[in-house]
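Below you'll find the structure, written out as structure tokens, and then a few comments.
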Amino acid sequence: MDEKYFAQKIEQKWQRRWAENKTFEAVIDASKEKFYALEMLPYPSGRLHMGHVRNYSIGDALAWYKRLQGFNVLHPIGWDSFGQPAEQAAIKKGVNPRDWTEDNIKQMREQLQRLGLSYDWSREIAAHRPEYYKFDQWFFLKMLELGLAYKKMTKVNWCPKDQTTLSNEQASGGVCWRCGTQVEKKDIAQWFLRITAYAEELLDGMNEIEAGWAERVLTMQKNWIGKSEGATVEFKVQSSKFKAEESGRVETIRIFTTRIDTIYGANAVVVAPVHPVIENNFAQFSDDVKTKIAEIKSQQEKPTDYGEEVEKDGVDTGLKAINPFSAEELPVWVGNYVMMEYGTGAVMSVPAHDERDLEFAKKFGLEVRRVIESAELTEPDSGDFKNSTNSREWFTDYGVLINSGEWSHQTSEEAMREMSEFAEKNNFGEPTVTYRIRDWGISRQRFWGAPIPIVYCADCGTVPVSFDDLPVELPESAPFTGVGESPLAKVPEFVNTFCPKCKQPAKRETDTMDTFVDSSWYYFRYTDPHNKSAPFEPEIAAYWLPVEQYIGGVDHAVMHLLYTRFWTKVMRDLGLVDFDEPIRKLLTQGMVVSESYYSDRRAGYVYSDEVNIERDERGKIVSATLKTDDSPVKVAVEKMSKSKFNGVDPDDMVLIYGADAVRIFALFAAPAENELVWLETGIDGAVRFLQRVWRFVYRWKDALKTASACADASNDGARKLRQKTHQTIKRITENFESYQFNTPVAALMELSNALGDFKVEPEKASESDVFAVREAVESLILMLAPYAPHVSEELWQAVTGNTDGMLASGAKFPVADEDLAKADEIEIPIQVNGKLRSRVLIAPETSKEDLEKMALADAKICEYTSGKEIVKVIIVPNRLVNVVVKG
RNA sequence: GCUUGGGUGGCGGAAUAGGUAGACGCACAGGACUUAAAAUCCUGUGUCCCUUGUGGACGUGCGGGUUCGAUUCCCGCCCUAAGCACCA
């Protein structure tokens, strides 16, 4: 056994041993409490980045801790291996996406193993394998049966030159990212999952998980679902020649509003350019109106960039609609700020009480009529807001109604309730709840995804593939051009099939599923990863699920985490699971960032070794210039990325510092939720710490073998050490229980420093010294294991002589002895009028009376109190004394 | 604009049922060891002031408030990050 710490050597040794012993393979054991620790599965890009390392280090620390606590831990990993990059590689380099993906998985698996993460590799899954995506298809068919999957026409971004659909990002600025052609909107038929059917439940379920999820994530989901309660009101269209002639019925426009109380202030009805009433009456509009409507329509179809303010625009169609409350005749306008996708695609315009309507009214000179007055006014004024005491131009708060017929003098709250009830009673409206969330479109015109198991038959129409014929497998390859429809459509062997119903020749659906489908249920599959006939056995899943702790980036706060909650509710309705929420606790870890250097001269990012950086003695950058020509370089702290040349390769780090040190630093440098600035210098501290522990253990190793079970309390040094040990155990246990991963490292360092201060030579140590040191060392090693498992195993072996590894020997996390942890003397502050003036050493649990006596007798305190009247003395036992004086 | 976080030394960060602010680490400075360097170990390190002390004042974004006592609670601002955004 080597006396020097060589990370590479011991890390390989223990990684091999864990694998041979199947140490981390989880087996159902009903006698033990289970713990499911889960990290978001990676996309196999081929290289691990520091964000992964941080994510998995957190998860592994937790898994180790829970394992040492005696839990039956499930800690799996897999691959989110469908998706665009593989297809891009195929287009650019001509490689087969499957080979590319498998190669990447192999490389990244090795990288993960070099970090010594305690995964159960026997449960590894990959989304691109037929045995996995078979059940994506299975779920799709089940949802079809439940009416939760359906097909509808929808607008997509379309590049007419490349003949392909584009995502919003690819259509940024209204042009195709590849060829720069003007992007069009095109209607194509796509498959949707009815997530809206669960909107209310997804909202309600948040109460259940509130305690374990970061508030910002829940808020983001709430905003995304976007529930808004209001009312629909029907306005009869007066001058419409349409329905009146054809069916004898009067055409109506249904508007949605959250402020029905302001309806007497409406001066117009504004509809989206694609609203049915416009299409129905288009023929009777003047040419000017027609042109304007077409203009607004095409403007709305153009993808807009983030943050872009669009000026209000619109046109009076000449149609008239009747306000059912006031019987007033209002003009019907087309407005560019009204969208068909939200609410009913029509609004009533109330400029006095809505900022957007005001903007619109101002532009077109429409009347602004105030109908709500601030409730704080004792007397409602005339309604002429310019002379009103609360003369803001618009007023969007709740208040009291004025100029509203019989509803005047009611409060907004009363009026909203009663007016929508009134509308319902009289058949021209009803209370309505609207959601922002739309159904989940899962069709992708791509090759590298799970084929949607549907067949189109000339006679039978759209026919689902039979469950027995799953999986619908992807062909070996396809022509990858990046243009045209889905590559699958160009593979005749795939496309041509037979109708499952009538057995006549038919064609397959060539779209594949959104990869968020794969990640919606992957962690259910981990519980039963080799099941051939079902996604998982409900009984097995019932043991392991729900997930106790999920760890991943905030970037998935909405999409993935909402989809998987939806999927769980569907699985519950299918009888596969019996809970509503799959994830009890969610930890969203911060990004890993580092310094990047941008050169204006080179118009791009440059490598760090191309830059000269001067720092002052405090480390602040004084100047940063390009080495080649001394031109200035901008320094920014940004997310690590290849294109910014500021990434750090985890493999290099592991090679230089060892996996244990990298993991300690990743956890110690910042709280898990914070951004982590990766600085090479910081990691030295982790290495130094490990080496100190290592040296100490080897210095004491032989002496410790003689440790007896005797703990003699008369030895002061030993007693102090034991006290520190138990205080540390207590602290670290509390930290882990509250999911703090940075502070335990500090506590371990303190304990290690205490050992360093223990100045007894091992050869001269008394029995109680040896006992105390052994206790401290064993505790230290056990508590270090979640951070630095390799070093811990090695040192554990050195101390105990047990060569199987601490897991195999069933090591347990140390338990703090409260009595030993108690300090035998405490230093408490004495304040005069809240200012610290002196300190005094006391025995714990010293009585209030004694404390007061000690405080008032203190020489320094007397100095401050002499000649003054002591008003009172505040005593917090074991904390402080505060003497309050006057004069 | 709306929503939600967050502002503590040169830096990452500790500490809040209100009770010694700055644990631990980095960086820096001085010292020991060494022919020398590395490594290691020791000491110091919030700011300012003085009579250099078991000294004083100030100090947790800013301004108020509550309290014997506020980084922590309340009110009003400022800055910053993220998400959403013509959502009716």
Side-chain angles (χ1 to χ4, degrees), chain A residues 214-224 226-228 230 255-259 262 270 272 300 304 306-313 335-339 341-350 354-357 359-360 434-436 554-555 557-558 588 590-591 615-620 664-665 668-671 673-686 688-689 691-692 695 731 740 742-750 752-753 756 826-839 859-860 871-876 878-886:
Chain A
E215 189 169 339
R216 60 174 167 164
V217 173
L218 292 178
T219 311
M220 279 161 74
Q221 293 207 357
K222 236 172 248 173
N223 293 342
W224 187 264
K227 180 178 182 175
S228 96
I255 62 105
F256 174 70
T257 178
T258 54
R259 292 299 302 276
T262 66
V270 187
Q300 270 194 352
T304 49
Y306 267 146
E308 196 183 317
E309 285 273 330
V310 183
E311 205 197 325
K312 297 277 175 300
D313 201 0
N336 66 339
Y337 70 105
V338 180
M339 292 160 305
E341 293 79 31
Y342 185 77
T344 57
V347 301
M348 60 176 190
S349 167
V350 188
D354 183 289
E355 235 180 304
R356 289 154 304 157
D357 292 342
E359 212 185 303
F360 191 73
T434 300
Y435 299 92
R436 200 190 76 102
V554 232
D555 35 330
V558 177
T588 48
M591 280 193 307
R615 293 173 200 265
D616 63 18
E617 67 280 1
R618 290 183 154 171
K620 282 252 190 291
I664 287 179
F665 180 64
F668 176 57
E673 294 88 348
N674 287 21
E675 195 171 75
L676 169 60
V677 183
W678 194 268
L679 292 171
E680 293 280 309
T681 49
I683 200 169
D684 287 331
R688 281 200 276 264
F689 163 60
Q691 281 173 337
R692 265 196 292 270
R695 276 196 303 268
R731 217 169 116 192
Q740 277 183 285
N742 55 332
T743 44
V745 180
L748 288 172
M749 286 173 170
E750 278 185 47
S752 154
N753 291 346
I826 311 170
E827 192 190 47
I828 65 159
I830 305 176
Q831 302 176 331
V832 176
N833 284 351
K835 286 199 186 287
L836 177 69
R837 295 303 179 192
S838 183
R839 295 165 217 267
K860 290 211 65 185
V871 181
K872 58 177 162 176
V873 181
I874 300 207
I875 299 158
V876 186
N878 293 340
R879 288 319 273 267
L880 61 47
V881 177
N882 187 14
V883 183
V884 185
V885 297
K886 204 165 72 181

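A note on names: the letters A, B, ... follow the listed sequences, proteins ahead of strands, and every chain is numbered from 1. Below, each value reflects all heavy atoms present in this structure, side chains not excepted, and no hydrogens, waters or symmetry copies.
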Measure the distance from [atom1] on [X] to [atom2] on [N] and round it to the nearest whole Å.
X	N	atom1	atom2	result
A:L679	B:C26	CG	P	13 Å
A:I664	B:C24	CD1	P	17 Å
A:E359	B:C87	CD	P	11 Å
A:R695	B:A39	CZ	P	12 Å
A:E341	B:C86	CD	P	11 Å
A:L836	B:C68	CG	C1'	15 Å
A:R216	B:C84	CZ	C1'	15 Å
A:R839	B:A21	CZ	C1'	11 Å

State which of [options] makes the closest approach to the side chain of [X].
X	options	result
A:T681	B:A27, B:U20, B:C84	B:A27
A:V884	B:A15, B:C86, B:C68	B:C68
A:N753	B:C24, B:G12, B:C58	B:C24
A:R837	B:G5, B:G56, B:G25	B:G56
A:K872	B:G5, B:C68, B:C84	B:C68
A:K860	B:G56, B:A27, B:A88	B:G56
A:P671	B:G19, B:G13, B:C26	B:G13
A:I874	B:A23, B:G12, B:C68	B:C68
A:A746	B:C24, B:U3, B:G13	B:C24
A:F668	B:G12, B:C41, B:C86	B:G12

Measuring only the [atom1] atom in each nucleotide, how far is [N] from [M]? A whole number of Å is fine.
N	M	atom1	answer
B:G19	B:G69	P	14 Å
B:C74	B:A82	P	27 Å
B:U43	B:A23	P	15 Å
B:U72	B:G61	C1'	16 Å

Pair partner, [N] [Watson-Crick or wobble, under 3.5 Å]:
N	value
B:A39	none
B:G9	none
B:A70	none
B:G76	B:C62
B:U34	none
B:A81	B:U4

Hey, is the main chain of [Y] close enough, under 3.5 Å, to the side chain of [X] for a donor-acceptor pair?
X	Y	value
A:D313	A:N336	no
A:N833	A:V885	yes
A:D357	A:V350	yes

hbond_proxy A:N223 side chain to B:C84 base (donor-acceptor, 3.5 Å cutoff):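 No.
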Could you check whether the rings of A:W678 and A:F665 sit parallel, tilted or perpendicular, using 30° and 60° as the cut-offs?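 Rings of A:W678 and A:F665: perpendicular, over 60°.
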In Å, rounded to the nearest 0.5 Å, how long is the span from CD of A:Q831 to CZ of A:R837?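 Between A:Q831 CD and A:R837 CZ, I get 10.0 Å after rounding to 0.5 Å.
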Determine the contact category for A:Q221: base if any of its heavy atoms lies under 4.0 Å from a base atom, sugar-phosphate if only primed atoms, P, OP1 or OP2 are that close, otherwise nothing.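 Counting heavy atoms under 4.0 Å across all strands, no contact is made by A:Q221.
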Check the chi torsion on B:G9 and let me know: syn if it falls within 90° of 0, anti if not.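 Chi for B:G9 falls in the syn range.
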